[in-house]
Protein chains: 2
Amino acid sequence: MNGSSSNLSDSPVSARLAMRGLRLTPQRQHVYEVLVGVRDHPTAEEVFLRAKQGMPEISMATVYNCLDALVRCGLAKQVNVDRSASRFCPNMSDHDHFYCERCGGIYDIENGAGAVGRGIELPRGFEVTHVDVSLRGVCGSCNDAEKV
Amino acid sequence: MNGSSSNLSDSPVSARLAMRGLRLTPQRQHVYEVLVGVRDHPTAEEVFLRAKQGMPEISMATVYNCLDALVRCGLAKQVNVDRSASRFCPNMSDHDHFYCERCGGIYDIENGAGAVGRGIELPRGFEVTHVDVSLRGVCGSCNDAEKV
DNA sequence: GTGAATGCAAAACCTTTGCAACTGG
DNA sequence: CCAGTTGCAAAGGTTTTGCATTCAC
C-alpha cells in the first residue's frame with residue numbers, strides 16, 4: 001500500500017506520538033501518517049477519505065478525535081479560512097498561510113526569523129490582496145483582574 | 001428610541017448605504033445603525049437580539065443578509081476566530097484584532113502606517129501568546145494560468 | 001411595475017457528543 | 001485491568017436556502 005520510506009519514517013511517527021503521551025492506536029498512527037504525507041492542507045473529510053484507503057473501517061469521529069489530539073499535542077496545526085472546514089497542516093515550523101482566492105489552495109509561507117506580517121517575501125508570482133493579522137493572548141482587563 | 005446624535009449620524013448612515021448602491025430598507029438601515037453603535041464585535045445573533053429591540057419583527061435571515069451586504073460593500077468587517085460564530089465590526093480602518101483567551105473579548109488594534117504583524121504596539125497590559133498572519137490573494141499557478 | 005429584500009421554516013454544513021464495545025500500556 | 005479510544009448515530013451550533021410575500025425605487 002504505502003511503498004516508500006517505510007522503515008525510516010515509520011518509527012519516528014509512532015515515536016513522536018508516544019513522546020507526547022498519546023496512546024499509540026493504529027487509527028491515530030494512520031491518521032498522522034496520512035497527514036504527514038501531504039502538503040495540501042486537507043480538511044478533516046479529506047484526511048478521512050485518504051485514511052479510509054488504508055483503513056476502511058475508520059470513522060469520521062475518530063479522524064476528528066485524532067486530528068484534535070495531534071493539534072493539542074503540537075504535532076499539527078489547524079488552519080481556518082473564513083468559516084469553511086478547518087484544514088490541517090503537519091508543518092510545525094513557524095509559518096504563515098496564503099489563501100488563493102482563485103483556486104482555494106492554501107500555501108505555507110515560511111517567515112524567516114525577522115520576517116513580519118506585512119512585508120513578507122512571497123514566492124514568485126504570488127499576489128497579495130489582503131493581509132489579516134490576528135493576535136491571541138490575555139487582555140489588559142483580565143491581566144489586571146489576575147493581579148488581585 | 002435612540003436619543004443621542006440623531007440628526008448628525010442618522011443621515012450619514014442611510015447615505016452611506018445608498019452611496020454603495022444598497023437599497024435603503026428599514027431593516028438594513030437598522031442593522032447598520034445597531035452595528036455602528038457598538039464596539040464589542042457582536043455575533044450575528046447578538047446583532048439580531050439588539051436589532052429586535054427596536055424592530056421586533058426582524059428575522060435572523062434578514063440580519064444575516066444585511067450583515068453580508070454590509071461586509072460585501074465595505075461598511076463592515078467580518079471577524080472569524082477559530083470556528084466560533086463570526087463577529088462583526090463597523091470599524092473600517094486598517095486594523096488587526098486581538099482575541100483574549102481568558103474573557104473571549106475581541107479588541108481592535110490599530111496599526112500605524114508602518115506597523116507590522118509581529119511587533120505591533122499593544123495597549124498596556126495586553127499580553128500576546130500567539131500571532132497568526134494569514135494572507136489572501138492569487139497564487140503563482142493561478143497568475144501563470146491567467147497569462148495564457 | 002419590477003427586481004430586490006424580507007420572513008419563515010427547513011435544510012445544509014461542519015463538528016461534537018453519548019454511549020456501548022474494545023484495547024493499549 | 002481500566003482509563004482512554006473507537007465507531008456509530010444522533011444532536012449541536014452556525015449559516016444558507018427555497019419560496020411566497022412585501023417593498024423600494
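Chain letters run A, B, ... following the sequence lines, proteins first, then strands; residues in each count from 1.
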Inset, instruction - With sequence neighbours excluded, tell me which residues meet side chain to side chain donor-acceptor pair (under 3.5 Å) with N65(A). - result: none

Legend entry - Gap between atoms CG and C1', on N80(A) and dC13(C) respectively (whole Å): 14 Å

Legend entry - Rounded to 10 degrees, the angle between the two terminal axes of the helix from dG1(C)-dC25(D) to dG25(C)-dC1(D), each from five pairs: 50°

Inset, instruction - Give me the first and last nucleotide of DNA chain D, going 5' to 3', that has any atom under 4.0 Å from a heavy atom of chain B. - result: dT14(D) to dC25(D)

Legend entry - Distance-only donor-acceptor check, side chains H41(A) and D108(A), under 3.5 Å: yes

Legend entry - Straight-line distance of D132(A) CG to D132(B) CG, nearest 0.5 Å: 7.5 Å

Legend entry - Test side chain to side chain contact (heavy atoms under 4.5 Å, CB included) applied to R39(A) - qualifying residues, sequence neighbours left out: none

Inset, instruction - Name all residues meeting the salt bridge (Lys or Arg N to Asp or Glu O under 4.0 Å) criterion together with E45(B); count only those two or more places apart in sequence or in a different chain, and write none if there are none. - result: none

Inset, instruction - Could you tell me the separation between the OG atom of S14(B) and the CZ atom of R28(B), rounded to the nearest 0.5 Å? - result: 13.5 Å

Inset, instruction - Verify, without hydrogens or angle tests, whether N143(B) (side chain) and G125(A) (backbone) share a donor-acceptor contact under 3.5 angstrom. - result: yes

What protein N or O atoms touch nucleotides 19-21 of chain C N or O atoms at under 3.5 angstrom, if any, and at what distances?
none

Legend entry - Side-chain (H30(A)) to main-chain (A51(A)) donor-acceptor, under 3.5 angstrom: yes

Legend entry - Rounded distance (Å) that lies between atom P of dC14(C) and atom CD of Q78(A): 14 Å

Legend entry - Where at least one partner belongs to residues 73-86 of chain A, residue pairs that pass salt bridge (charged side-chain N to carboxylate O under 4.0 Å, His left out), sequence neighbours excluded: D82(A)-R136(B)

Inset, instruction - Check salt bridge (Lys or Arg N to Asp or Glu O under 4.0 Å) between D68(B) and all other residues, then give those that pass, not counting sequence neighbours. - result: R72(B)

Legend entry - Partners passing salt bridge (Lys or Arg N to Asp or Glu O under 4.0 Å) against R20(B) (at least two apart in sequence or in another chain): none

Inset, instruction - Rounded off to whole Å, could you give me the CZ-to-C1' distance for the R83(A) and dC13(C) pair? - result: 10 Å

Inset, instruction - Mind listing the residues from residues 34-42 of chain B sitting with a heavy atom below 4.0 Å of DNA chain C? Number order is fine. - result: none

Inset, instruction - Please determine, by modelled atom types, if Q27(A) and T62(A) share a side-chain donor-acceptor pair under 3.5 angstrom. - result: no

Legend entry - Euclidean distance, atom CD of residue Q29(A) to atom P of dG24(C) [Å, nearest integer]: 11 Å

Inset, instruction - Decide if the gap between the ring center of F126(A) and the ring center of Y107(A) is smaller than 6.0 angstrom. - result: yes

Legend entry - side chain to side chain contact (heavy atoms under 4.5 Å, CB included) partners for F48(A), two or more places apart: K52(A), I58(A), M60(A), V63(A)

Inset, instruction - Summarise protein proximity over nucleotides 5-10 of chain C in one line of letters, 5' to 3': B for base, S for sugar-phosphate only, - for none, counting protein heavy atoms closer than 4.0 Å. - result: SBBB--

Inset, instruction - In whole angstrom, give the distance that lies between atom OH of Y64(B) and atom C1' of dA11(C). - result: 15 Å

